[in-house]
2 protein chains.
Amino acid sequence: MEDSVGPLLGREGLQPKGVARRREILDRAIEVFRERGADGTSLRRIAAALGVSHAALLHYFDSREQLLVAVYAHAESQRGAATPPRAGVSSITEAAVANVEVPGIVQLYSTLVAASLEADSEVGRQYFSDRFARLRAQLTADFERDQRDGRMRADVPAEHIAVLLIAASDGLQIQWLLEPSVGLESTLRTFAALLEPPRAGVTGS
Amino acid sequence: MEDSVGPLLGREGLQPKGVARRREILDRAIEVFRERGADGTSLRRIAAALGVSHAALLHYFDSREQLLVAVYAHAESQRGAATPPRAGVSSITEAAVANVEVPGIVQLYSTLVAASLEADSEVGRQYFSDRFARLRAQLTADFERDQRDGRMRADVPAEHIAVLLIAASDGLQIQWLLEPSVGLESTLRTFAALLEPPRAGVTGS
DNA sequence: GTCTATACTTTGATAGAC
DNA sequence: GTCTATCAAAGTATAGAC
């Protein structure tokens with residue numbers, strides 16, 4: 001409608017499909033996920049929840065994978081816009097906790113990541129490859145700053161810590177879903193403890 | 001309900017179906033995976049490679065998921081039997097390196113784990129839930145021993161380290177497949193470095 | 001631009017014949 | 001024990017109505 005987005009895809013020619021309607025579909029699809037978990041993810045189920053035919057969805061997304069990736073990206077950006085920006089371990093911990101609280105989001109993420117490893121995956125591979133690279137770069141910068149300022153031990157590469165944290169967070173959410181007695185926040189706090197600089201003064205708890 | 005009467009696949013003598021033929025199927029299926037990667041995982045493709053119909057496979061496995069879980073379990077047990085037993089971080093590192101060298105095994109693992117999170121998953125959920133629990137217990141015992149013997153810092157819970165290591169290893173393999181410049185062994189070595197006990201007696205202050 | 005109708009192909013799964 | 005036959009559901013693709 002009139003609520004046009006700022007991120008401008010330039011002229012309308014660049015985005016071959018309707019942007020507003022696209023957004024409606026994604027919003028509704030996320031609601032479906034919240035209600036039915038990661039089950040009704042088939043094109044026909046999502047379309048039924050929207051009151052349209054499954055073929056209509058393919059007018060806005062080239063494939064089911066592309067739709068689901070867009071759904072996850074949309075959900076992630078919504079969360080990011082609704083929470084104060086953090087840095088380092090806190091940002092990942094906060095995201096992990098938010099993830100496991102939304103039914104189906106971890107299943108969706110895990111399924112899409114697994115699919116992105118397949119040879120024929122194109123959209124998913126590109127998206128998650130970029131996402132991981134962006135997360136690594138952001139966290140690496142955070143950690144290098146922490147190391148420079150003496151808030152983190154500097155005897156290990158910041159980039160390795162970034163990779164480890166992302167990997168640990170992803171794996172932790174899965175283990176937590178299968179066995180909730182595995183602490184999510186507490187385990188990530190332990191990871192943070194491993195990063196404390198030697199002999200640093202105890203900060204306010 | 002009560003269908004959890006040991007439907008485990010790693011051990012023998014569980015299903016009322018031919019055990020020997022079952023093993024043949026699994027052996028051949030693993031070969032198919034090594035050749036064609038994680039693609040031909042449909043029942044019909046596997047059956048074609050075996051020279052039988054897809055319905056024949058369902059005579060030995062109740063579902064596709066059960067077959068694939070059995071394939072993964074079989075592959076993992078084969079690897080375990082072909083390598084010297086290790087402990088702690090080394091065991092996980094070795095397993096991770098072996099995994100990424102087999103085309104399709106990480107895809108298979110990731111896909112099955114993601115599927116095990118679904119509500120309707122029964123076999124997969126049981127298998128991976130047990131697998132994670134077993135790995136956690138094993139590693140926790142290793143780390144507690146290391147802590148007792150002064151080979152690992154003792155200011156963090158051994159169980160948290162176990163959870164983190166498993167999670168990090170799983171997530172790392174995925175990141176490595178998407179971006180091989182992410183070091184696998186080197187990153188896990190950094191994790192091990194985080195666990196080293198504080199160096200006593202070196203500092204003069 | 002938006003959507004329905006339709007059809008093609010592959011999939012997992014089941015039933016019954018040999 | 002293994003097959004053929006068959007089913008329902010799925011992703012995908014095209015044609016065409018408004």
Side-chain angles (χ1 to χ4, degrees), chain A residues 1-5 9 11-29 32 36 38-71 107-108 111-112 114-116 118-124, chain B residues 3 7 15-26 28-29 32 36 38-71 108 111-112 114-116 118-124:
Chain A
M1 307 293 205
E2 69 284 351
D3 182 17
S4 62
V5 263
L9 312 133
R11 314 138 188 80
E12 49 258 38
L14 285 186
Q15 187 71 34
K17 308 300 165 57
V19 178
R21 180 62 173 142
R22 223 175 130 103
R23 195 193 199 88
E24 288 178 13
I25 292 176
L26 292 181
D27 285 333
R28 183 73 188 101
V32 176
R36 310 156 84 118
D39 281 344
T41 68
S42 79
L43 287 177
R44 284 172 174 83
R45 300 269 282 232
I46 298 175
L50 281 158
V52 297
S53 74
H54 72 281
L57 296 182
L58 293 179
H59 265 256
Y60 303 94
F61 305 91
D62 293 338
S63 68
R64 173 179 178 261
E65 185 192 23
Q66 189 177 90
L67 167 60
L68 293 185
V69 169
V71 167
Q107 286 94 320
L108 176 63
T111 302
L112 291 178
S116 78
E118 301 293 327
D120 59 341
S121 172
E122 190 61 43
V123 201
Chain B
D3 58 343
Q15 286 277 345
K17 310 297 171 57
V19 178
R21 178 66 173 141
R22 225 176 127 102
R23 194 187 202 91
E24 289 177 14
I25 292 176
L26 292 182
R28 183 74 189 100
V32 176
R36 309 157 82 116
D39 281 343
T41 68
S42 78
L43 289 175
R44 281 172 175 84
R45 301 268 281 230
I46 299 175
L50 280 157
V52 297
S53 74
H54 75 282
L57 297 182
L58 294 176
H59 202 80
Y60 301 94
F61 305 91
D62 293 339
S63 68
R64 172 179 178 262
E65 186 192 22
Q66 189 177 89
L67 167 60
L68 293 185
V69 169
V71 167
L108 176 62
T111 302
L112 291 177
S116 77
E118 301 291 328
D120 59 341
S121 170
E122 191 59 45
V123 201

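Every chain is numbered from 1 and lettered A, B, ... according to where its sequence line falls, protein lines coming before strand lines. Values below: every heavy atom of this structure, side chains too, minus hydrogens, waters and symmetry copies.
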message = Tell me every residue that passes side chain to side chain contact (heavy atoms under 4.5 Å, CB included) with Glu122(A), counting only those two or more places apart in sequence or in another chain.
response = none
query = Between dA5(C) atom P and Leu57(A) atom CG, what is the distance in whole Å?
reply = 15 Å
Protein-nucleotide distance (Arg21(A), atom CZ; dG1(C), atom C1'), rounded to Å = 12 Å
remark   = Residues passing the side chain to side chain contact (heavy atoms under 4.5 Å, CB included) test with Ala55(B), sequence neighbours excluded, are Ser53(B)
remark   = Readout for nucleotides 10-18 of chain C: B = base within 4.0 Å of protein heavy atom, S = sugar-phosphate only, - = neither; 5' to 3' it is -BBBB----
inquiry  = List the residues meeting salt bridge (Lys or Arg N to Asp or Glu O under 4.0 Å) with Arg45(A), not counting sequence neighbours, and say none if there are none.
reply    = none
inquiry  = Please determine whether a side-chain nitrogen or oxygen atom of Tyr60(A) lies at a distance below 4.0 Å from atom OP1 or OP2 of dG1(C).
reply    = no
inquiry  = Please give me the minimum heavy-atom distance between Val32(A) and Gly40(A), naming the atom from each residue.
reply    = CG1-O, 4.4 Å
key: End-to-end axis angle, where each axis spans five pairs of the helix from dG1(C)-dC18(D) to dC18(C)-dG1(D), to 10°   = 10°
Results of side chain to side chain donor-acceptor pair (under 3.5 Å) for Thr41(B) - residues two or more places apart only = Arg64(B)
request  = Could you pull out all residues at least two apart from Arg21(A) that satisfy salt bridge (Lys or Arg N to Asp or Glu O under 4.0 Å)?
outcome  = Glu24(A)
query = How many Å lie between CD on Gln66(A) and C1' on dT12(D), as a whole number?
reply = 13 Å
Arg36(A): salt bridge (Lys or Arg N to Asp or Glu O under 4.0 Å) partners, not counting sequence neighbours = none
task = Only counting residues at least two apart or in another chain, list the ones meeting side chain to side chain donor-acceptor pair (under 3.5 Å) with Glu65(A).
result = Ser121(A)
request  = Indicate whether OP1 or OP2 belonging to dC3(D) is found under 4.0 Å from a side-chain N or O atom of Ser53(B).
outcome  = yes
Interatomic distance where NE2 belongs to His59(A) and C1' belongs to dT12(D) [whole Å] = 12 Å
note = From CZ of Arg22(A) across to P of dG1(C) the rounded distance in Å is 13 Å
